[in-house]
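The analysis underlying the following values was restricted to heavy atoms, covering all of them including side chains, and did not include hydrogens, waters or symmetry mates.
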Amino acid sequence: MKYVLKRLASLVITLFFISLVTFIAFDLIPGDSALTSLGTNATEEQIEKLREERGLNDPLSQRYLKWLSRAVRGDFGDSYQYKIPVTELIGKRAVTTLLLALMSFIFIYVPAIPLGMLAAKFTGKWQDRISHVGSQVIMAIPPFFMGILLTALFGVVLNIFQPGNFVFPTDDLFKSLRYLVLPAIAIALPKIAMVMKYLRNSVLEETGKDYIKNAVASGSTKKTALWRHAFKNAMIPVITFSTMMIGEILSGSIVVEQVFSVQGIGRLMITGISMRDYPVITALVLYVAAIVIIINMLGDFAYRLVDPRLRRQKL
Amino acid sequence: MKKRLLSILLVTCVFAAALTGCGGGKQGNGSGTDLSDEQPTPGGSVKVGMTQDLVSLDPHQTADAGTRSVVFNIYEGLVKPTSDGQLVPAVAEDYKISEDGMTYTFTLRDGIKFHNGDPVTTNDIVYSLKRYAEIQGEGSAFSVVEDVKAVDDKTVEIHLNSKNTEFMPQLTVAIIPESVADIGKTPVGTGPFKFTAYTPGQKLELSKNEDYWVEGQPYLDSVEFSIISDMETAFLQLQSKTIDILNYLTIDQTETLKSDEFNIVNGSMNLVHGLFLNNDYEPFTKLEVRQAVCYAINRDEINDFLFGGASRLIGAPMVPTIARFFNEDVVDAYPHDPHKAKELLKEAGYEDGFDLTISVASSYSQHVATAQIIVEQLKEIGINAKIEQIEWSSWLQDVYQDRKYEATVVGFDGTLAPSSWLARYRSDSSKNITNYKSEEFDAAFDAAVAAPDDEQKDEAYKELQKIISDDAVSAYIEDPADFVGTTKRVGGYKFYPTSAWDLSTVYVKE
């Protein structure tokens with residue numbers, strides 16, 4: 001319990017610093033949000049008026065304190081571009097990204113774990129070699145290109161996928177799920193290969209250790225030794241890798257969302273930055289930071305689940 | 001250097017040839033789908049793709065060309081532009097301009113209604129014009145308005161504080177109901193389509209205005225503008241027919257589309273596209289250097305390479321579609337002539353050339369591609385140019401507003417008022433990106449705006465373009481061709497000389 005509280009306190013402090021850094025960073029980079037909104041046809045006065053309206057003429061410290069006092073109450077302001085509350089804008093898209101992430105996980109782990117174990121079992125044999133070459137090839141294809149390939153294949157050639165017909169899960173869950181299958185595959189494919197390789201190498205490392213030899217020597221079958229004993233220990237590096245990966249997917253698979261026109265966190269981030277929509281960007285940076293920290297926390301709990309030694313450790 | 005460019009061109013030509021080979025030739029359908037023997041039928045819906053999001057649905061906030069093109073379907077002014085650049089009465093039925101040109105009297109169209117069912121009143125007109133004037137501020141072209149008043153429930157008078165023969169195009173400003181408080185969130189106008197819903201970053205849905213004042217129009221029951229941020233993705237969606245219309249295709253893309261399934265309509269982007277020079281930057285302070293740059297640039301090469309030769313070349317900041325004011329004589333003032341360019345550089349004391357940075361907004365692939373060709377062309381005369389790609393927001397601040405740049409490739413748009421294309425070259429203009437300063441130009445500009453009759457006005461504007469061309473303010477290249485891809489079932493797409501994607505004439509053949 002104390003451990004959890006400690007972690008939560010550090011989360012809050014980290015977020016506070018991140019928000020400060022975000023404010024300063026966007027103050028330093030070139031680009032004026034009023035000018036960006038109005039473009040090259042606006043009059044000087046119009047730009048100045050909008051700047052005043054958005055409070056951009058106030059000093060940085062004043063702007064930050066104003067933002068902070070509202071943010072602690074859960075009010076992140078309205079988006080400059082869309083003129084609706086940032087929380088509403090992000091909420092709807094976070095659900096999309098969450099769903100996309102969940103589907104990707106299923107697509108990653110369902111094939112990757114058995115394949116990884118299989119590759120480990122058949123080390124050096126043709127099965128292992130094929131999976132090695134296959135995973136190298138898949139890993140080498142960047143997700144955006146995979147996305148374009150998949151859309152071209154399923155959308156233009158086979159005509160069973162309608163690119164661009166995205167529906168928010170909050171509007172129609174079933175349609176949304178159906179649309180997200182291909183994007184989830186585009187995210188999953190290279191990751192399957194990675195998880196598989198991680199698992200294979202780590203299982204191989206474990207099977208070389210004395211406790212496995214001992215288990216086999218004292219009558220355990222090779223299969224039990226592999227699944228009961230080696231698998232659990234081999235999962236630790238996989239969990240480490242997975243926490244990094246999950247954080248990455250949940251913070252918005254920017255490229256895949258862009259290619260498939262999925263309305264998720266990643267796409268909102270891109271438009272937010274290019275339009276200099278400060279309320280949106282600040283809230284998004286915090287969201288992403290919070291996700292990464294929380295997932296890492298969960299990862300730590302997961303270690304303790306598979307490794308009893310960590311459970312006994314004093315905190 | 002020349003070899004390298006040549007080989008690029010050669011490879012592209014071979015590639016293009018291969019593509020046309022597969023695509024089955026496109027030459028036949030260049031002029032459009034606007035076949036008059038077809039009878040438009042009412043009903044159906046289309047999806048239009050666009051790669052940028054809408055900036056604001058409030059018509060009085062000056063927005064970018066893309067947003068204006070879309071809201072053209074929702075809002076109308078007292079007058080509205082036609083596809084051939086004329087102004088016709090819209091919310092007004094008729095108008096009169098007083099002898100002294102200071103008073104404009106408009107008569108409200110009989111029975112015209114807003115989308116919410118309320119009749120348009122003269123109070124709404126007064127409200128709209130006053131609101132627009134206030135948002136635009138004193139520096140705008142609308143500041144010539146002294147007063148707007150409703151004379152009775154059919155008549156509105158606009159009084160100007162000085163004579164301005166170019167005031168009319170300003171009156172395309174949207175008429176909106178006074179009763180709607182937040183027009184940006186709940187758009188209500190008098191245009192052919194009604195606002196239905198807007199999902200930020202995703203789509204804008206419109207439906208037919210049953211009470212539209214043009215008999216029989218619009219044909220479509222509903223329209224969706226689908227926002228697809230990535231051009232490649234948008235093109236895939238056109239190919240899979242998720243969307244029906246997509247603007248700004250590249251020449252390669254037009255050749256990929258199968259001619260039995262898609263039409264290519266070919267118009268112009270209405271942009272003054274060019275290599276803009278900072279006239280305050282050291283070598284460009286000299287006229288000879290600017291002229292040398294103009295001579296060095298081979299506009300035909302750019303046009304062939306990027307647009308298959310379909311763009312119209314320009315020599316000054318005015319587009320050919322504004323035909324009345326376009327000065328044909330300056331188009332070829334600086335033909336491609338590297339020898340002359342070198343001589344001019346020598347005269348100016350830059351015999352060995354100089355280094356140059358061309359700043360380009362990276363999100364506009366057309367600008368980037370143009371800059372790449374220009375870099376090669378400038379090398380021929382010894383100017384060692386390099387491209388600096390920056391984000392659009394940074395471009396707006398550093399290049400456009402602060403004018404901290406050497407040269408940039410960009411396109412500027414304008415309205416039906418000829419002054420809108422040239423106003424940014426006045427010495428005191430806040431939009432004078434080139435830092436051009438010429439008393440001769442300023443005086444001629446004021447005279448052109450004030451010119452009392454058509455003939456003098458045409459001459460005056462042509463003269464202005466001549467001054468800019470003589471001073472080689474920048475290297476003007478072309479008004480880029482706009483290739484619009486549509487599915488075969490769609491007809492009636494029209495181009496406008498201003499920012500407008502008019503869907504009131506579009507129909508579905510089914």
Side-chain angles (χ1 to χ4, degrees), chain A residues 29-50 79-84 88-89 92-93 144 147-148 151-152 154-159 161-168 171 255 257-263 267-268 270-276 280, chain B residues 47 49 52-58 61-65 67-68 135-141 143 182 184-185 198-202 226-230 232-234 236-237 239-243 363 390-398 400-402 410 412-415 420 424 430-431 433:
Chain A
I29 63 166
D32 173 332
S33 99
L35 184 64
T36 308
S37 294
L38 295 171
T40 54
N41 286 314
T43 59
E44 195 85 327
E45 285 164 282
Q46 229 180 325
I47 297 168
E48 191 49 45
K49 219 184 273 176
L50 192 59
S79 153
Y80 287 163
Q81 192 185 0
Y82 301 124
K83 292 162 194 87
I84 58 174
E88 188 184 314
L89 206 61
K92 218 171 166 185
R93 284 160 183 76
F144 81 90
I148 290 178
T151 338
F154 290 94
V156 183
V157 182
L158 298 174
N159 239 327
F161 170 73
Q162 286 239 300
N165 270 2
F166 170 78
V167 192
F168 276 105
D171 295 339
V255 174
E257 286 180 6
Q258 194 86 347
V259 170
F260 284 97
S261 301
V262 170
Q263 294 291 322
R267 241 191 107 182
L268 188 62
I270 290 198
T271 36
I273 291 176
S274 65
M275 289 305 294
R276 297 287 187 269
V280 171
Chain B
K47 259 190 175 185
Q52 57 152 132
D53 202 348
L54 301 165
V55 174
S56 170
L57 286 167
D58 181 342
Q61 292 286 356
T62 319
D64 54 297
T67 308
R68 275 185 286 140
I135 289 176
Q136 292 292 301
E138 311 244 317
S140 79
S143 57
D182 195 347
K185 270 190 187 157
Y198 169 57
T199 316
Q202 195 185 6
S226 185
I227 300 150
I228 313 151
S229 46
D230 180 66
E232 284 301 319
T233 312
L236 275 172
Q237 296 193 8
Q239 280 181 299
S240 68
K241 297 180 190 147
T242 307
I243 55 174
S363 49
I390 51 177
E391 209 198 343
W392 177 238
S393 294
S394 309
W395 185 92
L396 279 170
Q397 175 152 34
D398 292 347
Y400 184 74
Q401 186 168 275
D402 297 345
V410 77
F412 287 111
D413 61 347
T415 66
S420 68
R424 63 174 78 251
S430 67
K431 303 173 183 175
I433 178 180

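For Ile227(B), the parts sitting under 4.5 Å from any heavy atom of chain A are the backbone and the side chain alike. Heavy atoms of Leu89(A) lying under 4.5 Å from chain B belong exclusively to its side chain. For chain B, no part of Thr271(A) is nearby; none of its heavy atoms comes within less than 4.5 Å. Heavy atoms closer than 4.5 Å to chain A are found in both the backbone and the side chain of Gln202(B). Ser420(B) does not touch chain A: none of its heavy atoms, backbone or side chain, sits under 4.5 Å away.
The closest side-chain donor-acceptor pair between Gln258(A) and Ser229(B) falls under 3.5 angstrom.
The distance from the CZ atom of Phe166(A) to the CD1 atom of Ile228(B) is 14.0 Å, given to the nearest 0.5 Å. The line from CG of Leu35(A) to CH2 of Trp395(B) is 9.0 Å long, rounded to the nearest 0.5 Å. The OG1 atom of Thr199(B) sits 6.5 Å away from the CZ atom of Phe168(A) when rounded to the nearest 0.5 Å. Rounding to the nearest 0.5 angstrom, the gap separating the CG atom in Asp230(B) from the CZ atom in Phe260(A) is 11.5 Å.
In this structure, Gln263(A) contributes its side chain and Gly201(B) its backbone to a donor-acceptor pair below 3.5 Å. A distance-only check finds no donor-acceptor pair linking the side chain of Thr36(A) to the backbone of Ser393(B) [under 3.5 Å].
Residues Pro200(B) and Arg93(A) meet the side-chain proximity criterion, which asks for heavy atoms closer than 4.5 Å. Looking at heavy atoms from C-beta onward, Leu396(B) lies in side-chain contact with Thr40(A) at the 4.5 angstrom threshold. Using a 4.5 Å heavy-atom cutoff, the side chains of Gln81(A) and Ser56(B) are not in contact. Proximity of Lys185(B) to Ile84(A): side-chain heavy atoms (C-beta onward) are separated by under 4.5 Å at one or more points. Counting heavy atoms from C-beta on, the side chains of Gln397(B) and Arg276(A) never come closer than 4.5 Å. With a 4.5 Å cut-off on side-chain heavy atoms, Thr233(B) and Thr151(A) do not count as touching. In this structure, Lys83(A) and Asp182(B) have side chains that are not in contact, with every pair of non-hydrogen atoms separated by 4.5 Å or more.
Closest approach of Ile135(B) to Gln46(A), counting heavy atoms only: O-CG, 3.2 Å. Contact detail for Ser261(A) and Gln237(B): the closest heavy-atom pair is OG-NE2, 3.4 Å. Of all the heavy atoms in Glu232(B) and Ile148(A), the pair that sits closest is CB-CD1, 4.5 Å.
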Derivation and outcome, side-chain contact (heavy atoms from CB on, under 4.5 Å), residues Leu50(A) and Gln61(B): CA-CA 10 Å; Leu50(A) 192 59; Gln61(B) 292 286 356; 5.6 Å; no
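Taking Glu48(A), Arg267(A), Met275(A) one by one and counting their heavy-atom pairs under 4.5 Å with chain B, the maximum is reached by Arg267(A).
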